[in-house]
**Student:** 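Here it is: the structure, laid out below.
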Protein chains: 2
Amino acid sequence: MNLRELAQHLGLSKTTVSRALNGFSEVNEETRLRVQEAARRFNYTPNISAKRLATGESGAFGVVLPGASSEMADPVFGEFLAGLADGAGRCGRDLYVNATFDGEEAGYRRLARAKAVDVMILANLKVEDLRIRLLSHLGLQAVTCGRTAGSLVYPHLDIDHEDGVRRAVDLLTGLGHRAIALVSGPADLSASEQRMVGWHTALDRRGLTAEAGLFMAGPATEDHGYRATRTLLALPTAPTAFLCASMFLASGCCRAIGDCGLKIGRDVSVIAHDDGLATVRPEAFEPALTTTFSSIRSAGGRVAELAAALVGGADPADLSEVWPVDLIFRDSAQAPPRG
Amino acid sequence: MNLRELAQHLGLSKTTVSRALNGFSEVNEETRLRVQEAARRFNYTPNISAKRLATGESGAFGVVLPGASSEMADPVFGEFLAGLADGAGRCGRDLYVNATFDGEEAGYRRLARAKAVDVMILANLKVEDLRIRLLSHLGLQAVTCGRTAGSLVYPHLDIDHEDGVRRAVDLLTGLGHRAIALVSGPADLSASEQRMVGWHTALDRRGLTAEAGLFMAGPATEDHGYRATRTLLALPTAPTAFLCASMFLASGCCRAIGDCGLKIGRDVSVIAHDDGLATVRPEAFEPALTTTFSSIRSAGGRVAELAAALVGGADPADLSEVWPVDLIFRDSAQAPPRG
DNA sequence: AAAACAGCTCGAACCGGTTTGAAAGATCGG
DNA sequence: CCGATCTTTCAAACCGGTTCGAGCTGTTTT
């Protein structure tokens, strides 16, 4: 059942039927109801490709997965994607996932030229992220999850990583900790940099120094969390508290602490950032982990909404948000043992 | 730059240019080269929507994420999706991800009516999976990752879960184990059922009984792995070996074993199934985990290829594969302690 | 009563490709 | 040299929507 057939059935023109279904005001209300009723009865859904061709809008958002890298192996990104797809659905859009085998840049170029998507979604922003410039150069709009320090203005949603770490450090220093390690994700990520800034400023404010040796960047895996923690605990001035940038890092961190014969809470404190993945819940740790929390899935959903607003003609300057982070106190953060 | 403009530049008709670029034989070879050269120079890419409208093919594969559930929280699914997107890219297709807020079935119906995708991809097949019937009823082709026991014929790719578990059990019984637990994923999953069958048959062949109490189904999380293992170790006849259906279950399993003061390898053996996620590598365990291995990412890529073949008109009956599973021996499987 | 106007509806053009059927030009056998 | 055949190209129709501009009512304004 297509538009022409539906119009014939109703004894109307394609024009009127199309307008009736798309909510134009010139259509008689009675006619509109008749049309809507018929559309429902005949199970009519406009052909997406035709609609896109006619409107010039693709009705889809794009995400490029760098094929070679293992970004998707990252469950946090997966969860973000789920939120994104969910939000896109709510806005009546679809999500185009493109994993290019010929390099990320080629993927963007292809999508742009083929007018396959209305907006590109970028996540895991780097400190210096070339993709933003590339896209604006290609004439593709973009919405990002995360933000860079530069002066470029683009719609984005970000978590206040800096503040989250700051508050976590405040909590720990308040409990009496003086040597606080930061077990971080990849150093080139903007989020990692923001966390480092928060760590520095919070320690500075207390008159403590952020020892460079207590900052350990690396992949956000259990493995790196374990190794980093082992390394840190072997230092002559081992830290009494650990901030982990993800739950996976925290898993490894906790395992390392256990392997060293220490007890979390009593001997060493741990605070992790929790993105809200169902598979790694802080309550499942022993003891339950104190966390900074922000749902990455919700963030994905909101990014989709921002993208929809952008397509709808909203001013890009109005489409940026920074979400606060919750600090949730559980048992893994306690006062340090008396030295 | 669109087809008409390109044709004008070349002094040719749209027809000829289109055919030259799409490899039709009636075009003069010299002309074809001229056209291809010009297309490259002007950076011409056909408009996807127009192409789709004209051909009736959408050029995309569809994946529906059940919005309410947390399938995406599952990193294994994320990795599968990455492989899928990668494979789709290699075949010149795109991936349409649809997370419906109004229920999975509604999502399929919408995609079918709007002719948004050529083939649907299904993963995480249930023992009784209604989606397959629904799709064939909607006239949508499908390729699945996983297979059900029923008599329906559909293109699929599956891992030989049954054989993997059988060989793992054989290894353990060969080492002298007699009580072998199966820490499984969700019971309604077809893969879980296949694993259970493998467990039963391998034990039967050795004249051992598969105790119902040693089968623990649940979500494929660290948490469930931990709880299940604690429960099992508290049994009067505690198992001496554990088979874990995923690396996450294995993480929890190992933690539980450690918490009970036991040592993996010496006191208790563990074999896990490894889907090849970069974040949870068996070598990172202490001791390194013996695993059955099969890359879920490669599987995703292959599923995309099968889907492309299906669109290309291949006989659906020829498009099914079952991949063998590697058994990789490491240190976590040893002979049981002498009772 | 003529002019202006608002409310609905419609035919036709358009989006940018693919594909059909016809035709022009080249090649060839007789 | 002519008709048959093959090669190559083209104009026009088509896919299924959206949208512009015009036309046809009937009501209000002057």
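Chain letters run A, B, ... following the sequence lines, proteins first and then strands; every chain starts at 1.
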**Student:** Both Ala50(B) and Val27(B) contact DNA chain D. Which one's nearest nucleotide lies toward the 5' end?
**Tutor:** Val27(B)
**Student:** Apply the side-chain contact (heavy atoms from CB on, under 4.5 Å) test between Asp129(A) and each candidate in Thr144(A), Thr148(A), Leu152(A); give the one that qualifies.
**Tutor:** Thr148(A)
**Student:** Once you apply a heavy-atom cut-off of 4.0 Å, does Thr31(B) come out as touching a base, just sugar-phosphate, or nothing?
**Tutor:** sugar-phosphate
**Student:** List in chain and number order the residues that pass side chain to side chain donor-acceptor pair (under 3.5 Å) with Glu29(B), two or more places apart in sequence or in another chain; answer none if no residue qualifies.
**Tutor:** Arg32(B)
**Student:** For the pair Phe42(B) and His9(B), name the ring-plane relationship: parallel under 30°, tilted 30 to 60°, perpendicular over 60°.
**Tutor:** tilted
**Student:** Figure out the CG/P separation between Leu12(A) and dG11(C), and round it to whole Å.
**Tutor:** 10 Å
**Student:** Between P on dG7(C) and CG on Asn28(A), what's the gap in Å once rounded to a whole number?
**Tutor:** 11 Å
**Student:** Relative to the 5' end of DNA chain C, which residue comes earlier, Glu26(B) or Ser49(B), by the nucleotide with the nearest heavy atom?
**Tutor:** Ser49(B)
**Student:** Starting at CG of Leu3(A) and ending at P of dG11(C), how long is that distance when rounded to a whole Å?
**Tutor:** 13 Å
**Student:** How many Å lie between CZ on Phe24(A) and C1' on dC10(C), as a whole number?
**Tutor:** 15 Å
**Student:** For a quick check of understanding: with a heavy-atom distance under 4.0 Å over all strands, which category does Arg52(A) fall into, base, sugar-phosphate or nothing?
**Tutor:** nothing
**Student:** When we call it a touch if two heavy atoms are under 4.0 Å apart, what does Thr15(A) touch: a base, just sugar-phosphate, or nothing?
**Tutor:** base
**Student:** Provide the start and end nucleotides, 5' to 3', of the part of DNA chain D that has atoms under 4.0 Å from heavy atoms of chain B.
**Tutor:** dT8(D) to dG16(D)
**Student:** Would you check if the side chain of Ser190(A) reaches a backbone N or O of Arg147(A) as a donor-acceptor pair within less than 3.5 Å?
**Tutor:** yes
